[in-house]
Amino acid sequence: MCLDRVVGTFICAQINASEEHKNTSAEIGGKILQLFYSSQDEAIFEGDLGATYLYHSLQLINRIISINTEFARQNISELLGLSRAYLHYGIEHFGIVPSVPQKVYMSQQALYDSAEDFDSNINSERIRNCGGKAQKTRKPRLKSNNTDRKVSSGSPERKITLLSMDMRTSDSDTSEQENTGSSVLFERNKMAKIRLASISLVGAIVKAVERRILYGFWHALFPSGTGDSADNLLYIGQHDPNMRCRCAAVQVCAQLLYGSKGFLHQAEINVKRCPSTFVPFSVSLGHMILSIYKALTTMLSTESSLPVLTQVLKCLAVLVQGTPFQKFDKEFVQNLVRHIRPLIHHRDASIQVSSLMVLEFLISSTDAGIEIAKAMGLPQGANKKSTTKASNPLGKEDLDIIDDEEFVESDLSEDEEKSKDDKADVTHNLTNKHGNSWLLVRLLHNLTYNSNATIAASIRIESLQVLTAMSLHFAMLQSHLPKISAVLQQAMNDSLPDVRLYAARCIDSCAFQINRQLLEFSTSPCSQAKVKSLSTFWTEIIPIAMEHIRRDRGETSTVRIVLCDALSNIGVVMFENCSHSMQLTLLSFLSGVSSDCSDEPIVRAAAVRALAVYVLYPSLRGDLVFVENTADLTLRLVTDSNLLVRIKSFWALGNISDALIGKLEDTKENPERISDDLLYRMIKASTAACSDNDKVRCNAVRTLGNLLRLLTDDHLKKENVQRDWEDLFEKSICKLTDCLRSSGNAKVKWNTCYAIGNIMRNHIIFNNGTSADSLSWQQTLYSALCHVIVNHANFKVRTNATAAIMNITERSHFGSYFDKFWTSILDAIEQSHNLENFHEYNHRDNLQEQLCLALAHLVKISNKEDWPMLKRQLSRNMDIVRNTWKRVILRMVPEKAAPLLSCAVILAERSKHLQHINVDQKIASDYVCNALAMD
């Protein structure tokens, strides 16, 4: 007890533990574990003081883990065995005498090293489905509060904290017993504290040990699904007589499940594919997931404690985010929703919020769109990309059919609920009498302001988040867009800033999905009718958005930024179909916000970003006055001290430079160009930004590549004394070279390679001057490019660097570095077979194709003087280059493989018709032709 108090005081004082303290705490923890696992010391935990010793020992170990996490990693088997031994301490069914702790060993099947990498692949798919905007994974809070509360944003960085558990006893056990009033109740509380301490020990282990290690111990913490076992956390959550123990057990389960999406996606639910001789790990994991769902949904029906019920829902919310629903039976989602649906009408606000949160994450899942649509009450066949309309738009009669009532248990028996006929009835009744989604009806009810009923702010906020998630499945909202627009306008006039913020985010998401829908059907015959039906949404939303963006409204900057983003998502189809007066109003308003120097820079940057989106629209890209005005507004913000402002500003400059390049390509003869002063300022700002944060640099290099492509011969002339264009060009090339060499961010290097390739398309830069010094930039840039092609660890960076070579179209532009490029390409082909990182395997084929295309390009533009060098270098890598060359040709489609197939033919024709060719050149030409020919 003394050690427990000392360590507890040490933690409360928030003193950073030194190595000496950590070593001492580990030594103390090891001795305590030895007491538990030594048979001769068992008597110390028996008798009247045994429970006190046991409780303080568990508490002390818990606190030691918080000081020294390495202790938990080294003794995880002993610690889990210790906690499992006392999970049922004092419960009559299991006996008063605790079991002897037994070590818990890791399951070898569950070893898993790449959960984070698997999650990154899933996130990349999510980003593609959301148009480049990554959906945030929300971590539900696990601390229950029955009162009305403000729901925070739910960002992934919020840490799960265990329910506040004050397990400290008073200095006198006698006084505590007297205060308790009953010796029986006192004994029950004392035993419950021990069980709670053992559960807390599991939670401390989960916090201290990496997830990939914990996966090997899931079999000891979750039900296996192959038989009934009481030694798991969810059994405690279901059957422990103490509410705090049940609540803590469910919370620890949520901690274990959080961030395990990659691991859970290995599960295989289809038992028909299971071999008869053994049960694979994937099938075992599938049974475990089903058992977890079964236990949690059972608790939804049987639990009477509101805090525990809240934690069960939040644990379900965590589990839903990582579940591979596409591998489950079609009815699984519907059965899950059937347990959640009644709770959105619960009398307690926290229960409603938590149940809506589960549905939000379920809807956000892209794995089972059709099944989710059915479960939410959509018409049969409505899915994410469907345009099927509901039978009847939502009206007032739909909003009045559901009262804010408490869930009433179904009087059907278990056998009846399991019958196929009843399942069919439940599926049929998922929609109300008008054929509308029951969930959408409830959300609109929560968001409709009624003087007779007050909806808690937390419910309104979560309803808006569910509505935002539903917008990803546009069929859920399309036919009800007018009613949704009305409730969003009401929400934008709410007195709470948080409600307005989530309403603005919902508007932004709906705007993006409308644009996406219009782009998908832009070529269909009914596209104009669809535009007309969806234009009403923008007609109603644009005025209220502009009203809240105005500075004199007093709106928070976050809401104004989100609304600017929403206006940027109007899309080219809808913008071109707006009236000319509406277009002018929108452009004038955003330009006014951007030019208001007294406004917040972050809001101005958001408005500039919206204008930069419009710059790429066909009707505005050719308007050079608008493009220059947008560029000038952007340049006012590029040196702001706020990083987010600079990120948005250079993203906008990137779009503006893309528009200038597009205009240059559209008008080949005498294209209209922006002013030299503006171009010079843009290049100078982009060059300086190449030394900024990586998120700024990735757009700055893209901008720089586009702008340097716009340089003309007049800019680089020596007699141009007004501005030192040549010096600026060389500085820009040096900055790009530095980004290529020193940046550790792959995206910066991808964009740098793209920028270099763009610059190489401008032949003017190669014709500037005749001296060697005038092209000194080639030495640094070409050397860096060759180094990246051969040695960079990221294959996508190598591929982009190789693609940049393809834009050098003349032999003279390589100068004296032609042989270096040839050698680098050959070495890169050889290095592409050496996989130091297995995750680059998916990009190896693309890299080898690009290398072979670059090889063919160099052969075609080579001079006869280069051929002996080509032969000499090729002979060193002959076998591997030839094998790779053939494999790439066989893998590529014929149209794309044409440069490779024609390479040897073109070289042979040139050597045949060229005059004054010597013997060595002829031999070298024949050698290269034979090496690159398909026999």
Side-chain angles (χ1 to χ4, degrees), residues 124-125 128 520 523 665 668 750 753-754 756-758 760-761 785 788-790 792 794-811 813-814 818 821-835 839-864 866-867 870-871 873-914 924-935:
S124 65
E125 180 64 26
R128 286 193 294 271
E520 289 178 357
T523 58
E665 293 176 345
K668 296 292 184 181
W750 297 340
C753 294
Y754 168 79
I756 293 172
N758 225 349
M760 296 301 108
R761 296 184 181 184
L785 202 59
V788 169
I789 290 172
V790 179
H792 201 278
N794 189 298
F795 278 16
K796 291 178 69 176
V797 173
R798 289 195 205 179
T799 303
N800 287 3
T802 307
I805 300 176
M806 304 286 290
N807 292 322
I808 308 176
T809 56
E810 296 183 17
R811 169 62 182 87
H813 295 170
F814 283 96
F818 186 83
F821 276 107
W822 176 260
T823 305
S824 299
I825 294 295
L826 296 178
D827 292 342
I829 291 175
E830 182 177 3
Q831 289 295 327
S832 68
H833 294 275
N834 301 329
L835 283 175
H839 299 293
E840 297 297 330
Y841 177 81
N842 294 331
H843 308 297
R844 186 177 66 175
D845 290 349
N846 290 335
L847 172 60
Q848 291 179 347
E849 288 180 10
Q850 194 63 57
L851 288 170
C852 290
L853 289 170
L855 199 70
H857 176 69
L858 292 179
V859 170
K860 290 179 180 179
I861 67 173
S862 62
N863 296 329
K864 61 182 180 180
D866 299 319
W867 296 345
L870 300 184
K871 172 185 177 297
Q873 298 297 337
L874 181 59
S875 61
R876 296 188 299 107
N877 313 84
M878 178 63 178
D879 292 338
I880 193 167
V881 171
R882 180 170 174 78
N883 292 335
T884 304
W885 181 272
K886 289 184 176 181
R887 185 165 55 251
V888 167
I889 290 177
L890 294 175
R891 187 172 59 238
M892 296 173 70
V893 294
E895 295 81 5
K896 194 175 180 180
L900 306 186
L901 295 171
S902 62
C903 175
V905 177
I906 294 175
L907 182 61
E909 288 294 325
R910 289 179 60 195
S911 65
K912 184 185 297 184
H913 295 92
L914 277 177
S925 173
D926 294 341
Y927 182 86
V928 174
C929 288
N930 291 332
L932 303 182
M934 285 293 292
D935 296 334

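The shortest distance between side-chain heavy atoms of Met806 and Gln850 falls below 4.5 Å. Side-chain contact between Asn807 and Asn758: absent, with no pair of heavy atoms (C-beta onward) separated by less than 4.5 Å. Side-chain atoms of His857 and Phe821, non-hydrogen and from C-beta on, never get closer than 4.5 Å to each other. Under the 4.5 Å side-chain criterion, counting only non-hydrogen atoms from C-beta, Leu826 is in contact with Leu855. Counting only heavy atoms from C-beta outward, the side chains of Phe814 and Ile805 approach each other to under 4.5 Å. Residues Leu847 and Glu840 are not in side-chain contact: their nearest non-hydrogen atoms beyond the backbone lie 4.5 Å or more apart.
For Arg876 (side chain) and Thr823 (main-chain N/O), no donor-acceptor pair under 3.5 Å exists by modelled atom type. Put simply, the side chain of Arg882 gets close to the backbone of Asn930: a donor and an acceptor are under 3.5 Å apart. When atom types are taken as modelled, the side chain of Arg844 and the backbone of Phe795 share no donor-acceptor pair closer than 3.5 angstrom. Between the side chain of Arg811 and the main chain of Ile861, no donor-acceptor pair closer than 3.5 Å is present. In this structure a side-chain-to-backbone donor-acceptor pair under 3.5 Å is present from Asp866 to Asn863.
In summary, of the residues considered (Asn877, Val790, Asp879), a side chain to side chain contact (heavy atoms under 4.5 Å, CB included) with Glu830 occurs for Asn877 alone. Screening Thr809, Leu785, Ile808 for a side chain to side chain contact (heavy atoms under 4.5 Å, CB included) with Met760, the sole residue that qualifies is Ile808.
Legend: residues meeting side chain to side chain contact (heavy atoms under 4.5 Å, CB included) with Leu914, ordered by chain and number and at least two apart, are Lys864, Trp867.
Residue Ile789 comes nearest to Ala828 through the heavy atom pair O-CB, 3.5 Å, listed as atom of the first residue, atom of the second, then distance. The nearest pair of heavy atoms linking Cys903 to Lys860 is CA-CE, 4.0 Å. Of all heavy-atom pairs between His833 and Ile829, the closest is CD2-O, 3.1 Å. Considering every non-hydrogen atom in both Leu900 and Met892, the closest pair reads CD1-SD, 3.8 Å. Here the closest heavy-atom approach between residue Ala856 and residue Pro899 is recorded as CB-O, 3.9 Å. When all heavy atoms are compared, the tightest approach of Val888 to Cys852 is CG2-SG, 3.8 Å.
Atom CG in Asn846 sits 11.0 Å away from atom CG in Leu851 (nearest 0.5 Å). The distance from atom CH2 of Trp822 to atom CG of Leu858, rounded to the nearest 0.5 Å, is 6.5 Å.
Counted by atom type alone, Gln848 and Ser832 present one or more donor-acceptor pairs between their side chains at under 3.5 Å.
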